[in-house]
Structures are given as structure tokens and as C-alpha cells.
Amino acid sequence: MMYILVKKNLDQKLSEWSAKYEVVAPQKVEAYSQFLPFTESSELALNEPHNTRYPPKSLFLPQSEVMLKYNKRLNKFDEIRILPEKRIIFGIRPCDASALTLLDTVFDTEEYQDPYWAGRRENTILVGLGCSEPPSTCFCTTVGYGPFNHDGLDAIMTELDDVFVIEALSAKGEKLFSDFPAATNEHELSVLRIQSNAKQGMNQAFETEGLKQTLDHLFESDYWSEIAESCLGCGVCTYLCPTCFCFDIVDEVQRNERVRNWDTCMFRIYSQEASGHNPRPTISERTRQRLMHKYSYWLDHIEKIGCTGCGRCVRYCPVGLDIRAMLRTASNFESEVVNVG
Amino acid sequence: MSDNGHNPYNPIPMHIVRAYYESNDRSLKTFELVFDHQKDCDQFFSNYDPGQFCQLSIFGKGEAPFGIASAAWEGEFVRFTVQKMGSFTKYIHTLQAGDPIGMRGPLGNGFPLEDWKGKNIVIIGGGCAFSTLYALTKHVHHSKHRPDYEELIVIYGARTSGLCMYKHDIETWYQRSDMEIHQAIDVPEEDWSHHVGYVPDVVKDVAPSPQNAVAVVCGPPIMTKYTLPVLVNLGFAPEDIFTSLEKRMKCGIGKCGRCNIGSKYICKDGPVFSLAELNALPADI
């Protein structure tokens with residue numbers, strides 16, 4: 001069932017929801033946009049062609065999160081689990097929503113459920129905003145998703161001139177929009193046209209067929225040092241990545257808190273062992289880990305690429321490294337290796 | 001075991017009941033821990049297999065992984081032998097009987113004891129990595145488990161006699177009729193009547209038969225590196241050779257992402273792997 005939300009009623013609608021839910025939506029922050037709690041004075045940034053810079057994975061796996069507060073002297077602790085009340089994330093892009101479904105396979109497993117992650121996932125309704133004009137850094141269609149992909153979403157919106165047309169995708173989504181006016185045939189036709197144009201406007205950024213095998217084959221080659229040559233090892237590609245989930249657990253001695261923080265395989269210390277041995281001593285091995293994880297190991301785990309093509313790593317790399325170009329080089333490199341050999 | 005109320009990051013409250021130096025240079029110290037709550041104890045022992053590890057937790061210091069050095073039948077305690085290495089282990093060494101400590105576990109897969117039933121077991125250890133092998137040997141010793149396995153051969157090497165762990169117990173193994181024990185130290189010492197030499201050479205001398213046998217090797221990387229080819233030369237198939245790996249781990253439950261070798265997580269898919277499994281992994285060790 002398709003519904004419409006008239007754009008000029010948007011703020012009013014979000015305010016109404018705010019009475020029952022915490023509403024989080026992309027808002028203008030300096031030159032970028034970011035998901036923040038909606039208030040009356042919020043300046044929404046729904047019409048940005050780019051994704052938010054800071055990934056909404058932080059709403060489920062915060063960059064820094066207190067897990068417990070301890071009293072060293074009494075050797076006691078209080079578990080801290082600050083979970084949201086019912087929450088709506090409004091305007092999340094399909095790449096970020098599908099990334100959450102990938103991370104579910106890490107955090108919500110049969111054997112060990114991460115209660116912080118699972119609690120937040122359960123309490124959240126995801127209302128997506130499809131991408132009518134995907135920017136040039138995006139490559140979702142290359143990795144098996146699309147600008148109007150449904151994975152993880154409870155509803156998806158398509159933006160027309162004066163309305164958002166909403167398709168409910170789950171019982172939660174249906175319930176949220178059931179009293180909204182129904183979309184007309186004309187609306188639905190426009191939606192089909194926009195969605196199909198958006199998808200067709202995206203080129204294949206690199207070949208994924210056989211890519212895993214190519215990378216596996218290149219594991220001990222010079223390919224990695226070549227593509228990593230200009231990498232600074234700053235880790236921004238991993239921090240902003242919606243599918244990167246590595247974390248560290250540390251005790252903050254001054255605050256008596258055990259905290260988990262985002263971590264990154266791009267740092268030397270990440271894999272440094274107590275003996276001094278480091279299995280990934282240079283930026284080449286660390287770049288290899290980042291790419292292999294996304295384009296080989298994820299496939300071993302769930303037969304899916306661990307990248308949803310959001311393009312943040314391309315857009316925000318301070319030295320302009322482009323994962324698409326790196327991966328295009330892989331197949332060239334392999335054919336050279338094969339030809340020479 | 002999905003359980004909405006359970007938080008796998010919470011340390012289980014325990015106390016140290018026994019703490020003693022294991023080596024004459026005081027670099028190795030053994031701790032025996034008991035549970036503060038019976039339900040935690042029951043939960044632990046319903047899941048524990050030798051070869052598994054725990055995260056020991058100290059508020060203000062953090063957590064680090066250690067292999068379990070006791071078998072379930074020994075009693076309702078958990079034994080760890082800790083080598084003083086960095087700031088965390090240095091602090092643990094200051095702890096005494098009566099001190100509280102936190103623990104998360106048991107974690108990891110443990111030795112595939114079911115698959116080994118009916119086979120000869122060759123246990124090869126070096127240095128403080130012998131701890132989980134000690135737990136394995138103790139497990140097999142128990143009258144309830146001993147009939148499940150055929151011959152038991154233990155080869156254990158340390159640099160000096162002063163660094164040999166679990167001395168008093170291991171000395172009694174020479175009297176047992178149901179096993180062979182070979183201890184070795186690197187260089188000769190007065191009063192040392194056992195082997196002298198490096199573990200790979202001792203394995204060559206002992207030459208355990210690969211017939212209907214599995215071999216498990218835990219030790220410093222250099223020892224493991226030179227012992228594996230000896231076993232292969234003796235005729236052990238890569239599927240029948242096992243080892244236990246260590247990595248810098250944090251969560252211990254396959255979430256934090258840092259202990260992978262290729263697509264395997266040491267904490268969750270390991271720490272015990274067969275040589276066949278290791279051979280299939282990329283060189284990221």
C-alpha cells in the first residue's frame with residue numbers, strides 16, 4: 001500500500017510522532033548533514049543528494065558507549081544499558097539501512113546476542129528515503145543493492161515535487177502510515193519512473209563476478225602495497241563506513257567506566273600483540289585486511305559483499321583513494337600476474 | 001543461547017582461592033578461582049571443555065584472554081597460569097588468595113574430544129602454553145573418560161627445570177600405567193633425569209605412531225613451527241594435527257572483529273584448529 005506525506009506537513013508530522021517516539025532525522029551541521037534528534041527548531045536536511053557524513057550505524061553502535069560502571073574498592077559494577085524508547089529514524093538512506101541488516105548477522109547471532117545492539121534494533125522503526133539522484137561517488141547497484149533497496153526498512157519514501165510517496169514494507173511501517181492519505185495512480189507512476197531512472201543512471205563501478213577469487217589469489221602479491229602507497233592510515237574510511245563494526249573495550253580509569261569505542265584495522269596498534277609481534281605491520285597488510293574483509297571474508301560468512309556502496313570512503317578520504325579504482329585494478333593486476341607467470 | 005536478559009560482556013564475579021608461583025623465576029603464577037554464585041558455577045561447568053579460554057577482568061585494568069588449565073572433575077574451581085608480560089599480567093601477579101576477580105567464559109571451541117574418542121592422543125607442549133594441554137591431560141585421566149581414548153603420550157618441554165609447570169602432579173604421571181610422559185629441558189642440569197633437547201627433537205626421538213592417532217601441539221611459535229613438520233614426517237595427516245592459536249582479542253565472542261585470520265575468528269571459530277584448517281587460511285598470522 002502506498003501513502004503520501006505532503007511536504008509542507010512534514011514538520012508537523014514529525015512533531016506529532018515526537019510525542020510518542022524519539023524521532024531522529026538528518027539535519028544540517030556545518031557543511032554536512034547528520035542524524036540528530038528532531039526538535040521544533042531542527043533544520044532538516046532531507047534534500048541533500050549526499051548521504052550524511054557521519055553514518056547512522058552510530059545510533060545502534062555508538063562511537064563510544066559505556067557498558068558498565070564499576071567500583072574498584074567494592075569490586076562491584078552496575079551494568080549500563082541505555083536503550084532508546086521507541087524510536088523512528090526518518091530519512092535513512094537504503095545503503096545505511098541494508099548495512100544494519102549486514103551487522104545484524106554479527107551482533108544478533110544465535111550463540112551470543114549483543115544486548116545493546118539488539119535492544120536498539122528492536123525499538124527502532126526505519127523510514128527510508130530513496131535516492132532519486134545518486135551522486136557520482138555512490139555505487140550501491142554495483143554491490144547488489146540499489147537507490148531504492150528495501151533491506152532493513154519498514155517503509156521507503158520517494159520524493160516528488162510536493163509530496164513524499166511512502167511504501168510500507170513491514171507491519172511496523174504499515175501501522176505508522178495507515179492513517180495517511182493514499183497515493184494516487186499518478187503518484188505511483190511517478191514513483192516507478194523516478195526509481196527506474198535513478199537505478200539506470202548508475203554505472204557499474206567495478207566487476208564483482210569473481211572478485212573474491214581474484215583478491216584471494218592476490219593475497220601475497222604486491223597489489224596491496226601498490227594500492228596502499230598513498231594511504232595515510234587515518235582510518236576515516238572505516239569510521240565512516242556503515243558496515244565497519246570493529247570495537248575496542250577499555251576501562252576509563254578516571255570515570256570508573258568500562259567503555260567500548262569504535263576501532264579500526266587501519267591502525268598499527270589494532271593487531272599488535274603483547275609479545276611485540278604484529279601480523280599486520282604496515283599499511284599494505286592493513287589495507288588488505290580492510291578490502292579482504294568486505295570483498296572476501298563477508299562472502300565466506302554470509303555470501304554477501306560487506307559493502308553497500310554508500311561512497312563515504314571515496315568522498316572523505318583525505319588523499320582521494322577510491323575503493324572502486326582499487327578494485328578495478330585488482331583484476332588488471334591479476335591478469336598481469338597470470339600473463340607474466 | 002539467545003537470552004534477552006543476558007549480557008555476555010558482564011564479568012562473572014569470582015574470588016581467588018589459591019595463588020602460587022609456578023616457576024622459580026616467578027614469571028609464571030597459577031591462580032585458582034571460585035565462583036561467588038552457584039548458578040554461575042553450574043552454567044560454567046555445563047559448557048566447559050578443555051582447550052577453551054576465558055577473559056579475566058579487573059576493573060580499572062581491563063580484560064585479557066587466558067587458557068583454562070583445569071579439568072571439570074578436579075572441582076568447582078577454574079585454574080589459570082599467567083605469565084608476566086605486560087601491565088595487565090604484572091597486576092594479576094600481585095593478586096593473592098581472597099582477592100576478587102572477574103571472568104567471562106568459557107569461550108571458544110575447545111579440543112574436539114568427541115571426534116578423538118577411540119584414538120591414541122599425542123600431546124606436545126612447550127613453555128606456559130602447556131596450560132590447556134594440562135587441562136586436556138587431566139580430563140583424559142579421569143576414570144570416566146579414560147576408556148574413551150586409547151594410548152596417551154605427553155611430551156612437555158621447558159627451557160629449564162625451574163620453568164616446568166605443575167611439577168608435583170606431573171612427577172606422579174611417571175607412575176601411571178595408562179600413559180607415557182616425556183619431559184624435556186633445553187640444556188643439561190644436575191639432578192635432571194629426563195630428556196634434554198628441544199621439543200621437535202624429542203618428538204623425533206619418541207616417534208609416536210600416527211596409526212589411529214591425533215597429535216595436539218601448543219607452544220611458542222618457534223616450537224610449533226618446527227614440531228609440525230616432524231609430525232608430518234612421522235605420517236600424521238594435517239587433519240589429525242591440532243594446535244591452539246592466540247590473538248589480541250577483546251570481546252571473545254566474535255563481535256569486536258580484531259582476531260581474524262582470513263574469515264575465521266580465533267575467539268569464536270578457534271582457538272583450536274587442525275593443521276588442515278590452518279593450511280586453508282591466508283598467511284595473516
Side-chain angles (χ1 to χ4, degrees), chain A residues 61 67-77 79 81 106-119 122 216 219-220 244-253 256-258 260 263 265 269-275 277-280 285 288-289 292-293 296-301, chain B residues 1-11 13-15 36 55 57-65 83-89 99-102 104 107 220-221 245-265 267-269 280-285:
Chain A
L61 181 70
M67 305 182 97
L68 55 88
K69 217 171 162 55
Y70 56 79
N71 182 319
K72 231 162 82 175
R73 196 174 52 82
L74 298 176
N75 193 48
K76 289 205 179 319
F77 70 92
E79 180 187 337
R81 240 194 269 182
V106 175
F107 287 108
D108 197 356
T109 60
E110 187 85 4
E111 200 180 4
Y112 293 109
Q113 188 185 57
D114 185 297
Y116 303 87
W117 175 271
E122 196 176 314
D216 289 351
F219 195 88
E220 288 176 75
C244 274
F245 58 87
C246 288
F247 60 83
D248 193 8
I249 301 175
V250 291
D251 285 6
E252 287 290 348
V253 180
N256 295 319
E257 289 169 348
R258 182 160 292 173
R260 79 164 152 194
D263 203 349
C265 59
I269 192 84
Y270 176 82
S271 48
Q272 179 90 44
E273 293 169 14
S275 64
H277 172 68
N278 194 335
R280 299 179 197 134
E285 292 89 12
R288 178 174 71 191
Q289 166 63 19
M292 291 292 288
H293 191 187
S296 173
Y297 307 154
W298 269 101
L299 288 139
D300 287 337
H301 290 147
Chain B
M1 276 183 307
S2 130
D3 169 1
N4 286 330
H6 178 66
N7 186 341
Y9 300 102
N10 284 351
M14 299 186 79
H15 273 82
D36 289 2
Q55 288 280 352
S57 162
I58 292 168
F59 295 132
K61 297 290 172 192
E63 294 185 325
Q83 184 180 20
K84 204 181 337 183
M85 284 295 280
S87 59
F88 186 82
T89 50
D99 285 336
I101 191 166
R104 294 195 291 118
L107 303 169
L245 299 180
E246 269 188 74
K247 275 259 180 186
R248 188 187 167 107
M249 314 175 193
K250 283 288 173 171
C251 73
I253 55 175
K255 314 286 188 216
C256 78
R258 64 178 56 243
C259 69
N260 75 299
I261 296 176
S263 56
K264 299 282 185 203
Y265 286 117
C267 71
K268 182 171 68 78
D269 303 310
L281 291 178
D284 195 21
I285 299 182

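Every value quoted in this text rests on a predicted model; they were computed, and no experiment measured them. Reckoned from all heavy atoms, side chains included, excluding hydrogens, waters and symmetry mates. Reminder, nothing fancy here: chain letters follow the sequence lines and each chain counts from 1.
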Check each atom of [X] against the heavy atoms of chain B and say whether the ones under 4.5 Å are side chain, backbone, both or neither.
X        : answer
A:Glu252 : neither
A:Phe219 : side chain
A:Ile249 : both
A:Asn256 : neither
A:Met292 : neither

Checklist line | Portion of B:Pro13 that has a non-hydrogen atom of chain A nearer than 4.5 angstrom | finding: neither
Margin query: Which atoms of B:Ile101 are under 4.5 Å from chain A, going by heavy atoms: the side chain, the backbone, both sets, or neither?
Written below: backbone
In terms of heavy-atom pairs under 4.5 Å, which option from [options] contacts chain B the most?
options                      : value
A:Asn71, A:Val253, A:Asp263  : A:Asp263
A:Lys76, A:Glu220, A:Gln272  : A:Gln272
A:His277, A:Arg280, A:Glu285 : A:Arg280

Specify which of [options] makes the most heavy-atom pairs with chain A at under 4.5 Å.
options                      : value
B:Lys255, B:Glu246, B:Lys250 : B:Lys255
B:Glu63, B:Arg258, B:Lys264  : B:Arg258
B:Gly257, B:Ala64, B:Pro221  : B:Gly257

Checklist line | Derivation of the side chain to side chain contact (heavy atoms under 4.5 Å, CB included) call for A:Arg260 and B:Tyr9 | finding: CA-CA 10 Å; A:Arg260 79 164 152 194; B:Tyr9 300 102; 3.4 Å; yes
Next item on the list: Might you work through the ring pair (Phe, Tyr, Trp, His ring centres under 6.0 Å) test for A:His293 and A:Phe245, ending with a clear yes or no?
Entry: CA-CA 11 Å; A:His293 191 187; A:Phe245 58 87; 5.7 Å; yes
Notebook entry, point to check: Could you go step by step and tell me if B:Ile261 and B:Lys247 meet the side chain to side chain contact (heavy atoms under 4.5 Å, CB included) rule?
Noted result: CA-CA 9 Å; B:Ile261 296 176; B:Lys247 275 259 180 186; 3.6 Å; yes
Hey, are the side chains of [X] and [Y] touching, using non-hydrogen atoms and a 4.5 Å cut-off?
X        : Y        : value
A:Val106 : A:Trp298 : yes
A:Arg81  : B:Asn7   : yes
A:Glu273 : A:Pro279 : yes

Checklist line | Heavy-atom closest pair, residues B:Cys259 and B:Arg248 | finding: CB-O, 4.0 Å
Item checked: A:Tyr70 ring center within less than 6.0 Å of A:Phe77 ring center -> no
Note to self: Determine whether A:Arg258 and A:Asp251 satisfy the following criterion, salt bridge (charged side-chain N to carboxylate O under 4.0 Å, His left out), listing intermediate values before the conclusion.
What the structure shows: CA-CA 4 Å; A:Arg258 182 160 292 173; A:Asp251 285 6; 2.7 Å; yes
